[in-house]
Structures are given as structure tokens and as C-alpha cells.
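Only this structure's heavy atoms are used, side chains among them; waters, hydrogens and symmetry mates stay out.
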Amino acid sequence: MRKLVLLISITALVWGLTSGQETPSLRDLATERGLFVGAAIQSEYLNESDYAETVAREFNMIATEWETKMDAIHISKGVFDFNRTDRMVNFAEENGMAVRGHTLIWHRQFPTWLDPNDYDRDEAIALMRDYIYTVVGRYQGRIQYWDVVNEAITDNGTFRTTPWYRMIGEEYVDLAFQFAHEADPDAVLFYNDFAAEAMNMKSDTIYNMVAGMLERGVPIHGVGLQAHLTLGTTRTGSNAAVDEVIENMTRLGELGLEVHITELDVKFSRGSDPRRQELQAVDYQNMFEACLAVDACTTIVTWGVTDKYTWIRSDQGIEDAAPLLFDENYQPKPAYFAVVDVLQNGS
Ligand code: XIL
């Protein structure tokens, strides 16, 4: 039955596209559902008309993929460069889009000029406070959502020994959220991590960590599940099994937290099944259905716009990676139509 619905949806959509009839975009469908559907963007590509038009047409939210991280903004001691983030935030405002600021405190893209050994605990706390006040304060009211702390927990449920952990200790997480809230009391503040979508040791640790933060009165408002998936991992028993993702999102919602799927992409290994794009569509369908099934899940962001600029090609060196909704020529893929089907016909 579902394949029939999907076929009808694709046919209707293709007919609409070819007949010039206005067909609903992802943005239209998401907005109708009160959902944010976003994409991580890079400022340099906003100069490409196809890129800018696709983002503005298909998404009602942007995330800042790498240019709002500490090494890109805090370029030397006391020196900040906001040009690229300004470009992205201006674009979002010009197109009526929400913004997820990614990310304030992370162990990667940590400034090379900043030697943790140069700072005692109080100096490190002052450095963090100054940085967060400067960045969050600048975008007060313009960046509505922040990934305040990213990837603080390891796969086996321990604190990652990041530079911030080494300088300040576990309390760096609470302090980061406190400073972000002081800088913009209206911003919605998230803890963000990967491989913690389903029920596992890491997601249990994160659940217990954020529950403790709430008990201490720390201003945390949500958890981001990155969802960097590999083909088929949303199937039952896999590491992002959709039934367990729903269970995990539900328990986070019961804490009063919002849940965002923050960095969704679905990669496949070389030489995998020739039907891989259809299999990829199933994983995207599963994640969107999971989000729709849980009231606390309000947002799904794909980690990029077009396969042409995916980080999996640039950072992981997989030249033919095709993890996103649009191909190199900005053409919608089966995964796009699967998402449209969920948003049009899902529960
Ligand atoms: C990646 C970006 O996509 C790259 O452009 C950058 O070079 C490195 O960071 N988890 C995260 C993101 O939280 O910040 C990472 O983004 C991907 C993994």
C-alpha cells in the first residue's frame, strides 16, 4: 500500500513539476505541519543561484555548518570574524527562515592559537564566558536555536576529555549553558551529539546528564540527535533503529525537552546494493516518520543541501558520496519524494 502511495505521490509531484503547476515544496509541507525542516549551509555557496534558490524554496530553517564554530569566528586572541555568519543569518532573515547556530563549545574546530595549557580553571571559565557572551550576544534574537555543547560524551558513556574538559572539568557543560542563557535569555539551548539516536549506553548517559542538568536548574531546552546514518541503520535492530529512536525521543520529551534531528544524512559504502537510492529513501522516510510520531520532535535538519557539497565528500574523502535529498544538479532524489510523501500523507 505504502509503495502505491509513494508512486502516486511521485507521479503527482513529477506531473506538477513538468506541468508547471505549483507543487508544495518541503518548506510548504513542513510549515503546514508546524515543523522546521532545515539544511546546514555554507556562506560561500549562497552566491550560486541554484544553491540559494533551493535553500529558500525547500527549507524554513538553516543551520551554520562550519562557519559559526570557534576556529572560524575567534580567529586570534581577542579577535572575532563574524562576516560569514552574518552572511548566513542575513540570508535566513531575508527569506523568513529560522536559524540553528552550530556550535559554541566543541573539541573540533578548536582554535589553533588557543593552548589549553596557558589557562588555569578560572581563566578558562572567563575565556568561555567572554566567547559565548560575544557570539550569542551578537545574534540575540536572530539565532533562535543554539547547539551550546557538541559531542561531550564518548560512545561508552564517559565524558570526552576535550580541551574544555581538561581546563574546567565536567562543569564546563553547565557553565556553557548558563553563559548562553545570560547572553540571550530567549534563545533555545541544545546539547547535540551523534550515535545517540536509539537506545544505547551513550543515549542513556546523555539522558541522565540532561536530566541532572534540569534538576540543577541549568537552562537547557533541548537535545539534538545528529543522525549521521549509514544505509539501512534505521531498520529494526540497527544502531538507529526507528522504533528505538522513537523511544529515545519520547523519554527526552517526557523530561520537558525539545528534540531536534540536527544533522541528518544517509551515506552508503562503495559497491553497495544498486537500489541504494531507494534504500536511502526508506531511511529518510523512517526518520521523518519518527519525528512526526513524537510531539517533542519539532525539527529535522539535513547536513547539507546538495550531494555536491556534502562534508562526506570534502571531509571524509568519499568522492561519490550521495547522502542528501538533492543530487549534484540540485535535482530531488527518491529520498526527497519519500519525505514529501511522509509530510503529505504521514500521521
Ligand atoms: C563538519 C562540517 O560539515 C565540515 O564542513 C567541517 O569541516 C567539520 O565539521 N558532527 C558535527 C558537525 O557536529 O559540526 C560536523 O560538521 C559533522 C559531525
Side-chain angles (χ1 to χ4, degrees), residues 2 6 30 33 35-38 63 100 147 149-160 190-214 220-269 272-273 276 278-303 312 323-325 335 338-339 341-343 345-347:
R2 170 158 291 284
L6 187 53
R33 282 188 173 267
L35 194 68
F36 279 120
V37 173
R100 292 196 95 260
D147 286 334
V149 174
N150 194 37
E151 303 181 0
I153 303 297
T154 65
D155 289 353
N156 56 25
T158 59
F159 264 95
R160 192 184 300 274
F190 278 71
Y191 173 76
N192 190 55
D193 217 324
F194 66 94
E197 294 79 23
M199 299 297 284
N200 57 43
M201 187 188 298
K202 183 170 183 177
S203 63
D204 288 347
T205 302
I206 290 168
Y207 175 83
N208 293 326
M209 179 181 77
V210 299
M213 291 169 74
L214 290 167
I220 179 171
H221 310 116
V223 169
L225 308 176
Q226 290 184 13
H228 289 296
L229 306 180
T230 302
L231 205 63
T233 49
T234 64
R235 279 198 303 259
T236 303
S238 298
N239 59 31
V242 66
D243 52 330
E244 290 188 27
V245 173
I246 291 173
E247 185 180 352
N248 187 34
M249 289 198 290
T250 300
R251 68 174 174 175
L252 290 167
E254 286 165 353
L255 290 175
L257 294 171
E258 199 171 331
V259 180
H260 287 183
I261 294 171
T262 53
E263 305 183 18
L264 180 58
D265 50 24
V266 180
K267 74 176 180 182
F268 31 79
S269 58
S272 54
D273 186 309
R276 55 193 182 185
E278 283 69 32
L279 294 171
Q280 180 185 57
V282 171
D283 287 318
Y284 269 96
Q285 177 182 326
N286 283 343
M287 291 304 283
F288 272 78
E289 286 179 343
C291 186
L292 291 183
V294 180
D295 289 344
C297 184
T298 62
T299 296
I300 299 183
V301 176
T302 58
W303 206 242
I312 296 173
L324 296 167
L325 297 176
V339 168
D341 173 47
V342 170
L343 294 179
N345 308 306
S347 53

Task: Whether over 12 other heavy atoms sit under 6.0 Å from D204 CG - done: yes
TODO: Drop me the distance from M201's CE to D155's CG, to the nearest 0.5 angstrom.
DONE: 9.5 Å
Open item on the list: Just by distance, no angles: are the side chains of Q226 and N150 close enough, under 3.5 Å, to form a donor-acceptor pair?
Closed with: yes
Open item on the list: Return the SG to CG distance between C297 and L252, rounded to the nearest 0.5 Å.
Closed with: 10.5 Å
Task: Side-chain donor-acceptor contact under 3.5 Å, S203 with R251 - done: yes
TODO: Give a yes-or-no answer on whether the side chains of H228 and E263 include a donor-acceptor pair shorter than 3.5 Å.
DONE: yes
TODO: Answer whether the closest heavy-atom distance between the side chains of F288 and D283 falls below 4.5 Å.
DONE: no
Open item on the list: Rounded to the nearest 0.5 Å, what separates atom CE in M287 from atom CD in E289?
Closed with: 11.5 Å
TODO: For S238 and T234, indicate whether the former's side chain and the latter's backbone hold a donor-acceptor pair under 3.5 Å.
DONE: no
Open item on the list: Contact between I261 and V245 at the side-chain level, heavy atoms closer than 4.5 Å - yes or no?
Closed with: no
TODO: Sort out for me which residue in L292, L264, T262 forms a side-chain contact (heavy atoms from CB on, under 4.5 Å) with I300.
DONE: L264
Task: Nearest-0.5 Å distance that lies between atom CG in N200 and atom CG in N239 - done: 8.5 Å
Open item on the list: What I'd like to find out is whether the side chain of L325 reaches to under 4.5 Å of the side chain of V339, using heavy atoms alone.
Closed with: yes
TODO: Run the numbers on I153 and Y191 for side-chain contact (heavy atoms from CB on, under 4.5 Å), then give the verdict.
DONE: CA-CA 10 Å; I153 303 297; Y191 173 76; 3.5 Å; yes
Open item on the list: Between K202 and T154, does the side-chain contact (heavy atoms from CB on, under 4.5 Å) criterion hold? Intermediate values first, please.
Closed with: CA-CA 7 Å; K202 183 170 183 177; T154 65; over 6 Å; no
- [ ] Enter the distance from L225:CG to E197:CD here, rounded to the nearest 0.5 Å.
- [x] 5.5 Å
- [ ] May I ask you to check whether over 12 heavy atoms, not counting those of R235, lie within 6.0 Å of atom CZ?
- [x] no
TODO: Compare every heavy atom of L343 with every heavy atom of A30, then report the nearest pair and how far apart it is.
DONE: N-CD1, 4.2 Å
TODO: Flag the pair Y207 / V223 as yes when at least one side-chain heavy-atom distance between them is below 4.5 Å, and no otherwise.
DONE: no
- [ ] Quick one: pull up NZ in K267 and CG in L324 and give me the separation to the nearest 0.5 Å.
- [x] 12.5 Å
